[in-house]
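Structure record follows, encoded as C-alpha cells.
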Amino acid sequence: MVNILVELSKYIIIILMSVYTFSCFSVFAQEYEEDKKWILIRQNVLMFLLQFTAYFVMYLQTNEQKLMLFYGAQVLLLTAVLILYRVFYPKVSRLILNNMCMLLSIGFIMITRLTYQKAVKQFIFAMAGMVIGLIVPVIIRKLRALKDWTYIYAGTGILALGIVAVLGQISGGAKLGFTIAGFGIQPSEFVKILFVFFVAASLNKSTEFKNIVITTAVAALHVLILVFSTDLGAALIMFVVYLVMLYVATRQPLYALAGIGGGSVAAVMAYHLFYHIQVRVSAWKDPFASYSEGGYQVAQSLFAIGTGSWFGMGLHQGLPDSIPVAAEDFIFSAISEEMGLIFALCLVLVCVSCYVMFLNIAMAIRNQFYKLIALGLGTCYIFQVFLTIGGVTKFIPSTGVTLPLVSYGGSSMLSTMIMFGIIQGLYILREDEEEIIEKRREREFRRSEPSEKAPRKKQQRKKPAFEEVPKQRVR
C-alpha cells in the first residue's frame, strides 16, 4: 500500500507543480484584478497541497513523527509570512511573495529528505530571514538618502571581503567565510547586495567617463579580492552584474565589449594561476575521465539526473545522498532524481517568473537609482540560478554557488530574503508613483472642467438676448 501511495505521489506532486508554474505566467495575461487575485490564492493552495503530499510520503517511508511536527512548523511560518506581508504592505507583489514561499517549501522538502538536522538549521535561518524581509521594504520606502551613500557601500564591501581573504576558513579550495556557534557565515553573499547599491548610486550620480573609470576601478577591486580568495562564483556574479548595470546606465556597447574582453583574459589567467580551477575545468570537460580527481561530483550529478528521468524515482526511492554536498551546490540534481525532470524544469520556470517580475519593476519605476537596483538584483539572482543549474548539468564548469532559497546555506538564505525584501520595497515605491501620477491627472482634469464649461454658459446667456432684439423690432 505504501509503495502505491509513493508511486502516486510522484504524479500528484508533478501535477501540482505544473499547475502552479503555469499560473506564474498566466497571471500576466489577466486584465482584471479580481482574476489575478483568484489565481494568486490558487497558488497558495497548490503550494500547501504539494508540501503536505511530500511530507506525508516521507512520513510513510520513515515513520518518524518529527517530520510531521516539522511540517506543521513550516505551515505556520509560511502562513504567517503570507498574512503579515498582506497586513503590513497591502501593495506588495503577491506573485513574488508566493514564489518566494514556494521555493522555500521545495528547499525544505529536499533538505529534509537529505539531512533532517540541516533542514532544522535552514528553518531557523528562514525565520530570521522572514523577520528581516518584513523590515527591509520600510527602509527602502522611507530612507531617501540611500542614493547618497556611494562609498559607504564600497568601503563596507571591500573591508568585509578583505577580512575574509586574510582570515577566512578554506572550504572546497576557497576562502568563503567563518563558522560561529556552528553556523557558517559567508560575507560575500551580503556584499553582493552592497555592490549593487554602490554601482547604482555611482552611475546614478554621473555617467561621465571619469566617474565610470573610478566606478570600474572600485568594482574591479571587489572582484580581485574575491579572485584572491578563490571565491570565483561570487567574483563572476559581480563581474556580470556590473557589466549589465553599466551598459543599461550608459547605453554604450563599447563598454560592454571591453568588459567581456577583459573578463575573458582574466579567466584565462585564473585558469593558469589556480589549481582548483583547472580541476573544475577538467571535470567539466570529461567528468568520467577525471572521476577520481574532481570529476566525481559532476559524474554523480549526471547519474542522478539520468536516473530520475521525467517523473523521478519518488521521495526516498533514489540515492541523492551519493552526490557530494547534495544539499548545497547539487540540490538541483537531487530534486531531478527523486522528483523528476518535469518538476525540475518547473522549478527553473518559477525562478524565471521571479526574474520577469524584477525586470517589470526595473522598467516601470521612474527613479534611475531604484531602476538600477532592481536590474542589478534581478541579474544577480538569475545569473546565480544559471551558474548553479549550469554547473550540475555540465553545461558550464561548476562554480560552487547555491540555488537561491532552495539550497542549504544560512548566508545564502538571509541574503536572498533581503534581496526579495528590497524588491518588494521597490514594487511598493512603483505603486506609490503610479498612485501619485493618477491623483495628479485627476486634479488636472478637475481644473480643466470649469474652463471648458465657462464659455458655454456665456454663449447660452447671449443667445436669448440676441433672439429678443428682432422680436422687439417686429412689434
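Any value given below was found using the heavy atoms of this structure, including those in side chains, with hydrogens, waters and symmetry copies removed. Please read all numbers here as calculations on a predicted model, not as lab measurements. The residues of the chain are indexed from 1 along the displayed sequence.
- For the residue pair Tyr242 / Thr215, no side-chain donor-acceptor distance below 3.5 Å is found, with atom types taken as modelled.
- In this view, Arg366 satisfies the salt bridge (charged side-chain N to carboxylate O under 4.0 Å, His left out) rule with no residue, not counting sequence neighbours.
- Closest of all the heavy-atom pairs between Val81 and Met100 is CG1-CE, 4.2 Å.
- Considering all non-hydrogen atoms of both residues, Ala326 and Pro320 come closest at CB-O, 3.6 Å.
- Looking at heavy atoms from C-beta onward, Tyr20 lies out of side-chain contact with Cys346 at the 4.5 angstrom threshold.
- You'll find the side chain of Met238 stays beyond 4.5 Å of the side chain of Phe383, heavy atoms only.
- Of the inter-residue distances, the one linking Gln51 atom CD with Met102 atom CE reads 9.0 Å to the nearest 0.5 angstrom.
- With sequence neighbours left out, the salt bridge (charged side-chain N to carboxylate O under 4.0 Å, His left out) criterion links Glu431 to no other residue.
- By the 30° and 60° cut-offs, the orientation of the rings of Tyr381 relative to Phe420 is perpendicular.
- Considering every non-hydrogen atom in both Val196 and Met245, the closest pair reads O-CE, 3.6 Å.
- Atoms CD1 and CZ, from Ile423 and Arg430 in turn, are 11.5 Å apart once rounded to the nearest 0.5 Å.
- Here the CD-CE distance, from Gln424 to Met419, works out to 13.5 Å after rounding to the nearest 0.5 Å.
- Distance OH/Tyr153 to CG/Leu146: 4.0 Å, rounded to 0.5 Å.
- A salt bridge (charged side-chain N to carboxylate O under 4.0 Å, His left out) check over residues 326-349, counting only residues at least two apart or in different chains, returns the pairs Arg113-Glu338, Lys118-Glu328.
- When all heavy atoms of Phe358 and Ala374 are compared, the closest pair comes out as O-CB, 4.1 Å.
- Residues Val281 and Trp284 have side chains in contact (heavy-atom distance under 4.5 Å, counting atoms from C-beta outward).
- Residue pairs that meet the salt bridge (charged side-chain N to carboxylate O under 4.0 Å, His left out) test with at least one member in residues 129-144, sequence neighbours left out, are Arg141-Asp432.
- For the pair Leu232/Leu236, no side-chain contact is recorded, criterion being any heavy-atom separation below 4.5 Å from C-beta on.
- Residues Tyr89 and Tyr427 have side chains not in contact (no heavy-atom distance under 4.5 Å, counting atoms from C-beta outward).
- Summarising the geometry of Asn211 relative to Ser202, their closest heavy-atom pair is ND2-O, 3.0 Å, with the distance given to 0.1 Å.
- The closest donor-acceptor contact from the side chain of Lys147 to the backbone of Ala201 lies at 3.5 Å or more, if one exists at all.
- Test Leu405, Leu403, Leu377, Ile193 against Thr416 for side chain to side chain contact (heavy atoms under 4.5 Å, CB included) and you get one pass: Leu405.
- Under the 4.5 Å side-chain criterion, counting only non-hydrogen atoms from C-beta, Ile109 is in contact with Met58.
- For Lys10, the salt bridge (charged side-chain N to carboxylate O under 4.0 Å, His left out) partners at least two apart in sequence or on another chain are Glu7.
- Every residue meeting the ring-ring contact (aromatic ring centres under 6.0 Å, His included) condition with Phe288, not counting sequence neighbours, appears here in chain and number order: Phe303.
- Ring geometry for Phe197 versus Phe369: interplanar angle over 60°, hence perpendicular rather than tilted (30 to 60°).
- Two residues are said to be in side-chain contact when any heavy atoms from C-beta on lie closer than 4.5 Å; Phe25 and Leu349 meet this criterion.
- Across all non-hydrogen atoms, the minimal contact from Leu50 to Phe343 is CD1-CE1, 3.9 Å.
- Here the straight-line distance linking atom OH of Tyr247 with atom OH of Tyr255 works out to 13.0 Å at 0.5 Å rounding.
- Using modelled atom types, one side-chain atom of Lys371 and one backbone atom of Ile365 make a donor-acceptor pair closer than 3.5 Å.
- For the pair Ser411 (side chain) and Gln186 (backbone), a donor-acceptor distance under 3.5 Å is present.
- Looking only at distances, no side-chain donor or acceptor of Ser229 sits under 3.5 Å from a matching main-chain atom of Asp231.
- Considering CZ of Phe311 and CD1 of Ile13, their distance stands at 13.5 Å, rounded to 0.5 Å.
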